[in-house]
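Proteins come first, then strands; the chains are lettered A, B, ... in the order of their sequence lines, and each starts at number 1. Note that this is a predicted model, so its numbers are computed, not measured.
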Protein chains: 2
Amino acid sequence: MEQVTLKSIASELGISITTASKALKNYPDVSPKTRKAVIDLARKLNYIPNSFAVNLRTKESKVIGLIIPEIVHYFFSNVVNAIIEYAEKKGYLIITLQSNESDKLEEKQIELLLNKRVDGILISLSNNRKDLSPIHKIVESGTPLVLFDKISKLINCSKVIINDRDAAYAATEHLINTGCKDIAHFRGPLNPQNSIDRFLGYKKALEDSKLHFDKSLVYTCEKVSFEEGYNFAKELHQSNKKVDAIFAITDLVAIGAITYFNEANVKIPEDISIIGFSNWFMASVISPSLSSVDQPGYEMGKKAIKLLLKEIKAIKKGKKIKHKTIVLPTNVIKRSSTRD
Amino acid sequence: MEQVTLKSIASELGISITTASKALKNYPDVSPKTRKAVIDLARKLNYIPNSFAVNLRTKESKVIGLIIPEIVHYFFSNVVNAIIEYAEKKGYLIITLQSNESDKLEEKQIELLLNKRVDGILISLSNNRKDLSPIHKIVESGTPLVLFDKISKLINCSKVIINDRDAAYAATEHLINTGCKDIAHFRGPLNPQNSIDRFLGYKKALEDSKLHFDKSLVYTCEKVSFEEGYNFAKELHQSNKKVDAIFAITDLVAIGAITYFNEANVKIPEDISIIGFSNWFMASVISPSLSSVDQPGYEMGKKAIKLLLKEIKAIKKGKKIKHKTIVLPTNVIKRSSTRD
DNA sequence: ATTTATACCGAAATCGTTTTCGGTAAAATC
DNA sequence: GATTTTACCGAAAACGATTTCGGTATAAAT
């Protein structure tokens, strides 16, 4: 399998490597005749420029690194989808890595991407990240970086996020506006900022409406799973606590709850209203269909890669870059699991 | 941002580039003293070997290309998950691309990966692929290739698949064994081999059990969506056709049907049995829980990347490679949507 | 006829690493 | 003391493309 190079083309045509290169790259100082000859031969031999050599020379790889906690997640697979798609259109390829919520793994992966000399890096931070020095290292290396969804404000780079607090506030407000007074919250783990922010939004909405915040109505889903939603719904129901609504950290948790209430013949939303978070496609599909807050994964991915490519371009041109933080709007999607 | 190179290390230490390189790569002909000096300085300056130069020299990129129809799919995101994970352990990175079921796009992406000079390629073919020449091109280029799930037998390379026909046969057989006699099939589109094979398995199972195959009981889901499952269930129900079971091409379609029957107060599995395909995690979660055939995405991804890396290794050592086709076993997972 | 402009072409340096192949000094052997 | 071995080191040639800078013809201008 003999490799076709500029050298082989040049020697076949009896010209120099320089001229061959210039012919293919539309330099003006090559005659139409030789240009045609080179192009024709290149096509005939199926010449493919050696990207390793090009990379070395141009010092860019046209590859972007992407680290997310887990790809097997509707939200993240949508993000990845958008990123891959947009990047490809702009001539960039994406190397994807998953941290599995392990900060140690995340650090290794950052190292890997830096070693690969990718042109830029996109990260959604793992929940357990405390030490920010590996992230700072990226910035120091001069590699453009954009953080999204799960970010840290302490890093000096561009970011794309939603306002979890406001979104949770809106969800809770929707429950309040539709007449609910005793609202439970199935929250996420205690550490992640997302989970904290949503809890805070929930609490703030209660307070702003002069509703009593009852700590015993807050259940913590460690794994944010269907089962937890199901079991906490059962627990809540059998406890005979006075509750007329649930705000769940995630649609999956909410659907767990719905499943229990359906089985227990508790009417939704007459007896209890339920609202989820993320607007997973299953939300519109189960019955009753689930009200939710949309978390625009595709949009987020697209905005993040767009921002990153812009910074890469700017740096290449030696321009100064101003880091931006884009906050994507979220909307409460009203369906049948909450009242009118 | 001055780049740290072997050259800068060497000149700082007053030694040659060669020796610096050898010190870092554990060559025996460098004294412990200079080795230590080089290693220490390299660490101090945070030296990162220029991967572009290494690639050029070693002619390998340690990158694998992966093309799938869509990443936003539980099955495929599981495949990707496994591939990324295993590859990383073995020192390889994954560039992921999605064809969106477009053969034109798929061809461009193959071109992209070939131009990038990835060390190997993994593909799950798009449904519309007729012309196999772009795939042959990969083989001709000498790039190791492994096809999985949606493959073509006409390509001379290794493959990882399930036997859709047998799996569908087993699903239908399960319905028959549990007393069903009039079994409908919500099939997929007419083109894709997967869809055809599952239909054939269904038909064969009926014939082998001397059950009548009724063409009017076969519904074609063009988009393989929840809505189609729901609507065909409705259509079937209102048609008053005699039917006591449905085999759906996919769990999503099956869940659509279940949702309709739940609403219509048709008892599952007493009045009608339903079995899906893929063993999506939602199958165990809805009520009644859905019987299904597991389609081991994670296993498939792992086997595929393993096979590919093995071939890459073999080629590097100049060994001959024998292409393998791995057929992964599938199992009928019995849950509450079918009878005992 | 001489100068100037134009149109093409190519030598060579460069990117940073890897690896082969000699070379020199010191130590070991006879 | 002469020879061989051992232990280190480095020059230089790759890998393949890009780009600068200078060159030589030929055509145009004076």
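Of the two residues near DNA chain D, B/Gly14 and A/Thr18, the one whose nearest nucleotide lies more 5' is B/Gly14.
Partners of A/Tyr298 under the side chain to side chain donor-acceptor pair (under 3.5 Å) rule, at least two apart in sequence or in another chain, are A/Glu85. For the side chain to side chain contact (heavy atoms under 4.5 Å, CB included) test, residues two or more places apart in sequence or in another chain that qualify with B/Asn191 are B/Lys130. Under the side chain to side chain donor-acceptor pair (under 3.5 Å) criterion, A/Ser8 pairs with no residue at all, not counting sequence neighbours. Under the side chain to side chain donor-acceptor pair (under 3.5 Å) criterion, B/His136 pairs with no residue, sequence neighbours left out. The side chain to side chain donor-acceptor pair (under 3.5 Å) check on B/Ser61 picks up B/Asp119, with sequence neighbours excluded. The side chain to side chain contact (heavy atoms under 4.5 Å, CB included) test applied to A/Ser152 returns A/Leu125, A/Leu132, A/Leu154, A/Ile155, not counting sequence neighbours. Contacts of A/Ser158 classified as side chain to side chain contact (heavy atoms under 4.5 Å, CB included), with partners at least two apart in sequence or in another chain: A/Val146, A/Leu307, A/Glu311, A/His323, A/Lys324.
In summary, contact between chain B and DNA chain D, defined as any nucleotide atom under 4.0 Å from a heavy atom of the protein, begins and ends at D/dC8 to D/dG16 in the 5' to 3' direction.
Using a 4.0 Å heavy-atom cutoff across all strands shown, B/Asp29 reaches at least one base atom of the nucleic acid. Using a 4.0 Å heavy-atom criterion, one finds that A/Thr5 contacts the sugar-phosphate atoms exclusively. Across all strands shown, B/Ile15 has heavy atoms under 4.0 Å from sugar-phosphate atoms exclusively, and none from any base. Among the protein residues, A/Tyr27 comes within range of the sugar-phosphate backbone only, with heavy atoms under 4.0 Å from sugar or phosphate atoms but none that close to a base. At a threshold of 4.0 angstrom between heavy atoms, the contacts of B/Lys22 include nucleobase atoms, whether or not backbone atoms are also involved.
The CZ-C1' distance, from A/Phe52 to C/dT14, rounds to 20 Å in whole Å. Between B/Lys25 atom NZ and C/dT20 atom P the separation is 12 Å, expressed in whole Å.
Checked by atom type and distance alone, the side chain of A/Asn50 pairs as donor or acceptor with a backbone atom of A/Phe52 at under 3.5 Å.
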A/Ile94 vs A/Val80, side chain to side chain contact (heavy atoms under 4.5 Å, CB included): CA-CA, chis, key distance, verdict = CA-CA 9 Å; A/Ile94 303 291; A/Val80 174; 6.0 Å; no
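For the salt bridge (Lys or Arg N to Asp or Glu O under 4.0 Å) condition, the pairs that include at least one residue of residues 45-60 of chain A, sequence neighbours left out, are A/Glu60-A/Lys316. For the salt bridge (Lys or Arg N to Asp or Glu O under 4.0 Å) condition, the pairs that include at least one residue of residues 99-113 of chain A, sequence neighbours left out, are A/Glu101-A/Lys150, A/Lys104-A/Glu107, A/Glu106-A/Arg129, A/Glu107-A/Arg129, A/Glu111-A/Lys137.
Contact annotation: side chain of A/Ser16 to base of C/dA11, donor-acceptor pair absent below 3.5 Å.
Of the residues in residues 31-39 of chain B, not one places a heavy atom less than 4.0 Å from an atom of DNA chain C. A heavy atom closer than 4.0 Å to some atom of DNA chain D occurs in A/Tyr47, A/Pro49, these being the qualifying members of residues 42-49 of chain A.
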